[in-house]
Number of protein chains: 2
Amino acid sequence: MNISEVSKKYSIPIDTLRYYEKEGLIPPVHRTESGLRDYSEQDCGWVEFIKCMRGAGLSIDTLRQYITLYGKGNRTLQKRKNLLIAERDKLKMRIDEMQHTLARLNGKIETYEERIVACEKELLKKRKSK
Amino acid sequence: MNISEVSKKYSIPIDTLRYYEKEGLIPPVHRTESGLRDYSEQDCGWVEFIKCMRGAGLSIDTLRQYITLYGKGNRTLQKRKNLLIAERDKLKMRIDEMQHTLARLNGKIETYEERIVACEKELLKKRKSK
DNA sequence: TTAAATGCTGGAGTTAGCTCTAAGTCAAGC
DNA sequence: GCTTGACTTAGAGCTAACTCCAGCATTTAA
């Protein structure tokens, strides 16, 4: 799979795919003889994983650390687990905060609905009294 | 209330408070005769609102638009409501995505736990066989 | 077999959102 | 009155995360 196919498949710009690899967010992608990227199943898996994690707000730096640990093999299992736990906990807190804000927005929208209805009534009254 | 008190109260850096005001995220704050900021209850309310919305990921630009509409009075009620609905919907989607990622992280953490246990067993075996 | 499209790299440029600096003003304690 | 620390502004600087560009190589369609 060449880079533009991967780009389409995951809706990630080509430049971003190269950037992620350059920054070590993805283990080096397999290449053809002439040096063109040729994504394997596993390479695609990494792309998808990174897309998902970035979407949830994990930083480039954190993900680079994770991949670096991954590259060091089994002796980093515990460290990787700890990193994931820390990120999971942060994510949980962000979701919590966002849910509160969601509720607040919903409340605000309701208030606006009431105010708009009240405004319209006011307008009708004025028209009738003319 | 002066700027450093507000900064402490909401855990927002002083520079950020000034920046928000400069960018029009907060209606102009009341001043003392000599020109120092003197936050009223309402000013504080805005600060808190902006903090909450920024925390949920609403952009500076979006919030500026909202405040601009607010400044134009009642005839922008419908527009403000529509803006809030659009942001609410985006927020919902972000939360949804993040919840999927949270579940995925939890799954991954469990897998790590199993792998770590398996690794330890392996080590014990080796020690015994010595 | 040649033109057009696509790929490569290193490095510069961009954007959002702050964060800091300089140079000056104001306020509170001695 | 003077010093010290907090406040003011305009504008520069910073960081994360891309995004674009130049200049060159490779692949593909005509």
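Just so it is clear: chains get the letters A, B, ... in the order the sequence lines come, proteins before strands, and each one is counted from 1.
Between B:Thr16 and C:dG17 there is no side-chain N or O to OP1 or OP2 distance below 4.0 Å. Distances shorter than 4.0 Å separate none of the side-chain N or O atoms of B:Tyr19 from OP1 or OP2 on C:dC20. For C:dG7, one of the phosphate oxygens OP1 or OP2 lies less than 4.0 angstrom from a side-chain nitrogen or oxygen of A:Asn2. A close approach under 4.0 Å does not occur between any side-chain nitrogen or oxygen of A:Ser59 and OP1 or OP2 of D:dA16. The phosphate of D:dA17 has neither OP1 nor OP2 within less than 4.0 Å of any side-chain N or O from A:Arg18.
Computed from coordinates, the B:Arg37 CZ to C:dT25 P distance equals 17 Å when rounded to whole Å. One can place CG of A:Leu63 at 13 Å from C1' of D:dA16, the figure rounded to the nearest angstrom. Between the CD atom of A:Glu33 and the C1' atom of D:dA25 there is a distance of 15 Å, rounded to whole Å. What separates NZ of B:Lys22 from P of D:dC7 is a distance of 17 Å, to the nearest Å. Spacing between atom CE of B:Met53 and atom P of C:dA16 amounts to 21 Å, rounded to whole angstrom units. At whole-Å resolution of the value, CD1 in B:Ile26 and C1' in C:dC18 are 14 Å apart. Rounded to an integer number of Å, the gap from B:Glu5 CD to D:dG5 C1' is 15 Å. For A:Lys8 and C:dT6, the NZ to C1' distance is 11 Å, given to the nearest whole Å.
Nucleic acid contact for A:Arg54: sugar-phosphate only, since backbone atoms but no base atoms lie under 4.0 Å from a heavy atom of the residue. Residue A:Ser4 is in sugar-phosphate contact alone, with no base atom involved, counting any heavy-atom pair closer than 4.0 Å across all strands shown.
The OG1 atom of B:Thr76 sits 13.5 Å away from atom NZ of B:Lys81, with the distance rounded to the nearest 0.5 Å.
The side chain of A:Ile60 approaches D:dC18 more closely than any other nucleotide in the set D:dC18, D:dC7, C:dT19. Checking D:dT9, C:dC8, D:dC18 against the side-chain heavy atoms of A:Tyr20 singles out D:dC18 as nearest.
Comparing A:Asp15 and A:Ser34 by the nucleotide of DNA chain D that holds the closest heavy atom to each, the one mapping nearer the 5' end is A:Asp15. Taking for each of B:Gly57 and B:Thr32 the nucleotide of DNA chain C with the nearest heavy atom, the 5'-most of the two is the partner of B:Gly57.
When every heavy atom of A:Arg94 is checked against every heavy atom of A:Ala56, the shortest pair comes out as NH2-O, 2.7 Å.
A 4.5 Å side-chain heavy-atom check between A:Ile60 and A:Tyr19 finds at least one atom pair inside the cut-off.
Neither side chain, A:Tyr70 nor A:Arg80, offers a donor N or O lying under 3.5 Å from an acceptor on the other.
Relative to the six-membered ring of B:Tyr39, B:Lys9 misses at least one condition, a distance below 6.0 Å or an angle of at most 45° to the axis.
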